[in-house]
Protein chains: 2
Amino acid sequence: MPLALATRHSAHAAVVTPLPRVHTCQVCPGRHNVCAAVRSSELDRLTAMRTAQTVAPGMTFVDEGEPALHVFTVTSGVVKLFKLMSDGRRQIVGFLVAGDVFGFAPGEKYTVSAEAVSPVGVCRFPRRQLERAFTEFPGVERQLLDVITRELAAAQDQMLLLGRKTAHERLASFLLSLLRRQDNEDGSVDLPMTRTDIADYLGLTMETVSRVFTVLKGSGCIAATGSGTIHILDADALAELAEGAADDDA
Amino acid sequence: MPLALATRHSAHAAVVTPLPRVHTCQVCPGRHNVCAAVRSSELDRLTAMRTAQTVAPGMTFVDEGEPALHVFTVTSGVVKLFKLMSDGRRQIVGFLVAGDVFGFAPGEKYTVSAEAVSPVGVCRFPRRQLERAFTEFPGVERQLLDVITRELAAAQDQMLLLGRKTAHERLASFLLSLLRRQDNEDGSVDLPMTRTDIADYLGLTMETVSRVFTVLKGSGCIAATGSGTIHILDADALAELAEGAADDDA
DNA sequence: CGATCCGTTGACGGTACTCAACTACCGTGG
DNA sequence: CCACGGTAGTTGAGTACCGTCAACGGATCG
């Protein structure tokens with residue numbers, strides 16, 4: 001979900017510093033380049049209203065139910081979005097990386113909370129200002145529509161995962177989506193989040209996630225390579241697992 | 001998710017008939033009136049490009065993976081949106097009623113399929129034309145952004161339901177959301193969809209849904225009132241159930 | 001009247017949860 | 001230097017919720 005509002009390389013720019021320039025979005029390779037749709041006049045305007053900010057791991061910086069005064073773009077690090085139930089049950093509804101956007105709520109209040117997984121850089125845009133900019137620069141609104149539409153499609157995929165897939169299928173799907181998103185040459189995949197986070201994203205418990213990891217390692221699909229990274233050895237086997245390949249070896 | 005593109009009362013208007021006039025949206029009482037944001041010049045333009053269409057129950061009229069050439073608005077009846085896995089498992093990602101919009105995909109293809117639950121009226125807008133209209137009438141794009149944002153928030157709620165709630169909590173949440181959406185004076189709720197549909201929406205089996213219905217009836221929360229309708233007798237008890245009230249009566 | 005679909009109910013079993021013990025890995029500080 | 005506590009992760013034993021399979025009742029329809 002790239003947006004010109006946030007570019008990976010302008011992460012720590014000061015408030016008044018103009019964005020470097022329009023450049024190809026490096027976050028989602030292969031996707032259409034939405035950055036190209038933004039003219040420099042728009043960039044100047046957007047740059048003027050944003051506030052750069054850093055967030056330490058474990059810090060919650062958006063709370064569900066609070067007034068939705070700002071829209072955020074992630075410039076570095078990983079953010080988790082989640083919802084809580086009164087008894088503490090938690091559902092993580094998404095992990096955001098550089099280029100992603102959140103906080104654009106349908107009503108007056110945020111519908112999810114946001115917490116930094118790793119050290120995070122974000123840009124904060126006052127929502128009212130941003131909305132006013134829509135009428136002046138329709139390209140910005142168009143981008144936001146694209147981003148939200150993509151997020152909706154991802155949410156629908158996740159509903160299929162949560163409603164209908166087994167634990168093995170869920171973890172396989174999750175690892176593949178990370179592989180696709182990170183797109184490292186070798187099959188390495190960063191896992192900055194804890195087992196508990198993964199569990200809360202996949203609708204499982206930490207123990208089940210751990211057990212499934214063990215099975216996947218044992219079957220040679222993946223290999224652990226130090227803390228916080230794994231290697232995907234057999235993406236095809238993982239893809240079959242993700243889509244319910246009936247392993248009728250009996 | 002109301003949109004001026006579709007108004008409940010213009011449901012069966014012919015292709016060339018102009019929409020009656022801008023009027024208060026009756027689909028989502030209490031919500032802000034997005035219809036008011038559309039000027040009559042836009043309405044004329046939108047009316048000119050739409051095609052009215054009716055769909056019989058059980059007919060699939062949008063297929064996941066097919067080129068996304070049209071955007072649809074529902075004018076009457078109930079539509080289910082769903083995703084399928086290769087082995088037949090199904091997840092319904094939403095039920096749409098009059099005023100709802102779908103088919104606005106992030107890429108070139110639809111990401112979900114659509115099937116009529118009851119006899120359905122829809123309006124079809126060529127996607128390219130609609131997108132071109134965005135630049136001319138920004139209000140339309142703004143509405144669509146509102147609609148999609150609302151759908152995303154609903155999808156996140158559903159992720160919490162699918163990932164973390166028990167069968168009882170799921171059905172209670174579902175019935176309450178229907179009650180809120182239909183907002184009938186008495187506590188009556190229409191259930192035009194089958195038990196299997198409800199199960200596929202809640203990530204359960206038909207049998208479990210049936211069993212939980214029986215329990216809810218037995219506990220006096222709801223009462224069956226003929227086929228396809230129930231009465232909600234105790235919305236508060238249902239609300240407690242929906243949010244995991246630990247019924248420690250022991 | 002048989003066929004089919006939808007829904008209900010029962011018996012049984014499996015996947016994933018709960019509870020618990022244990023290891024590894026930190027950084028802290030005695 | 002190593003004991004110490006805290007967090008993250010792994011593994012095991014037992015269990016519960018919900019899925020599977022199956023039988024049955026009622027409604028609709030040709």
Side-chain angles (χ1 to χ4, degrees), chain A residues 56-58 80 85 87-91 115 117-118 161-174 190-218 222-230 241 244 246-248 250, chain B residues 56-58 80 85 87-91 115 117-118 161-172 174 191-218 222-230 241 244 246-248 250:
Chain A
K80 61 187 175 202
M85 292 176 66
D87 59 2
R89 278 176 285 176
R90 186 178 68 157
Q91 179 65 39
E115 180 181 324
V117 172
S118 57
L161 181 146
L162 293 171
R164 288 298 175 222
K165 293 192 178 179
T166 66
H168 283 77
E169 291 163 0
R170 292 181 199 201
L171 191 58
S173 301
F174 175 63
D190 273 0
L191 289 173
M193 66 290 288
T194 66
R195 293 285 186 269
T196 304
D197 283 344
I198 296 174
D200 283 348
Y201 182 58
L202 300 179
L204 302 169
T205 59
M206 200 203 66
E207 293 92 332
T208 299
V209 169
S210 181
R211 277 184 246 272
V212 175
F213 262 117
T214 305
V215 171
L216 291 181
K217 285 173 196 161
I222 64 172
T225 56
S227 85
T229 14
I230 60 157
L241 256 181
D247 48 302
D248 43 326
Chain B
K80 60 187 175 202
M85 293 178 64
D87 59 2
R89 277 175 285 177
R90 185 178 69 157
Q91 179 64 40
E115 181 182 324
V117 172
S118 57
L161 181 148
L162 293 170
R164 288 297 175 223
K165 292 191 180 179
T166 67
H168 284 78
E169 291 163 0
R170 292 182 199 201
L171 191 57
F174 175 64
L191 289 173
M193 65 291 287
T194 66
R195 293 287 187 267
T196 304
D197 283 343
I198 297 173
D200 284 348
Y201 181 57
L202 300 180
L204 302 168
T205 60
M206 199 204 67
E207 293 91 333
T208 298
V209 170
S210 182
R211 276 185 246 272
V212 176
F213 262 117
T214 304
V215 172
L216 291 181
K217 285 172 198 165
I222 65 172
T225 57
S227 84
T229 12
I230 60 157
L241 256 181
D247 48 302
D248 43 323

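In what follows, chains carry the letters A, B, and so on, assigned in the order in which the sequence lines appear, proteins first and then strands, with residues in each chain numbered from 1. Because the structure is a prediction, the values reported are computed rather than measured.
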Could you tell me which residues satisfy salt bridge (charged side-chain N to carboxylate O under 4.0 Å, His left out) with Glu169(A), sequence neighbours excluded, listed by chain and number?
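Checked Glu169(A) against salt bridge (charged side-chain N to carboxylate O under 4.0 Å, His left out); matches are Arg89(B).
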
Within less than 4.0 Å of OP1 or OP2 of dA8(D), is there a side-chain N or O belonging to Thr194(A)?
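The answer is no; no side-chain N or O of Thr194(A) sits under 4.0 Å from OP1 or OP2.
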
Using a cut-off of 4.0 Å on non-hydrogen atoms, how would the nucleic acid contact of Gly58(B) be classed: base, sugar-phosphate, or nothing?
nothing

Taking ring-ring contact (aromatic ring centres under 6.0 Å, His included) as the definition, give me every residue that meets it alongside Phe213(B), ordered by chain and number, with sequence neighbours left out.
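Partners of Phe213(B) under the ring-ring contact (aromatic ring centres under 6.0 Å, His included) test: none.
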
Taking all non-hydrogen atoms of both residues, which atom of Pro57(B) and which atom of Ser118(B) are closest, and how far apart?
CG-C, 3.7 Å

Closest approach of Ser173(A) to Leu161(A) (non-hydrogen atoms, all atoms of both residues):
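Ser173(A) and Leu161(A) have their closest heavy atoms at CB-CD1, 3.7 Å.
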
Using a 3.5 Å cut-off and no angle test, enumerate the donor-acceptor pairs between side-chain atoms of residues 204-212 of chain A and protein atoms at least two apart in sequence or in another chain.
residue: Thr205(A); atom: OG1; partner: Thr208(A); partner atom: N; Å: 3.3
residue: Thr205(A); atom: OG1; partner: Thr208(A); partner atom: OG1; Å: 3.0

Go through DNA chain C in 5' to 3' direction and return only the first and the last nucleotide with some atom under 4.0 Å of chain A's heavy atoms.
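Boundary nucleotides touching chain A, in 5' to 3' order, are dA16(C) to dA20(C).
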
Separation of dC18(D) P from Leu161(B) CG (nearest whole Å)
12 Å

Taking CZ from Arg195(B) and P from dC18(D), how many angstroms apart are they, rounded to a whole number?
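For the pair Arg195(B) CZ and dC18(D) P, the rounded distance is 17 Å.
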
5' precedence on DNA chain C between Thr196(B) and Thr166(A) (nearest-nucleotide basis)
Thr196(B)

Computed from five pairs at either end and rounded to 10 degrees, the angle between the axes of the helix from dC1(C)-dG30(D) to dC26(C)-dG5(D) is 30°

Restricting to side-chain contact (heavy atoms from CB on, under 4.5 Å), what partner residues turn up for Pro192(A), sequence neighbours left out?
Val78(A), Val117(A), Asp190(A)

Could I get the full list of side-chain contact (heavy atoms from CB on, under 4.5 Å) partners for Thr225(B), not counting sequence neighbours?
Thr229(B), His231(B)

Salt bridge (Lys or Arg N to Asp or Glu O under 4.0 Å) pairs, two or more places apart, involving residues 192-202 of chain B
Arg164(A)-Asp200(B), Lys80(B)-Asp197(B), Arg90(B)-Asp197(B), Arg90(B)-Asp200(B)

Show the distances under 3.5 angstrom between N or O atoms of the protein and N or O atoms of nucleotides 21-26 of chain D.
residue: dC21(D); atom: N4; partner: Glu207(B); partner atom: OE2; Å: 3.2

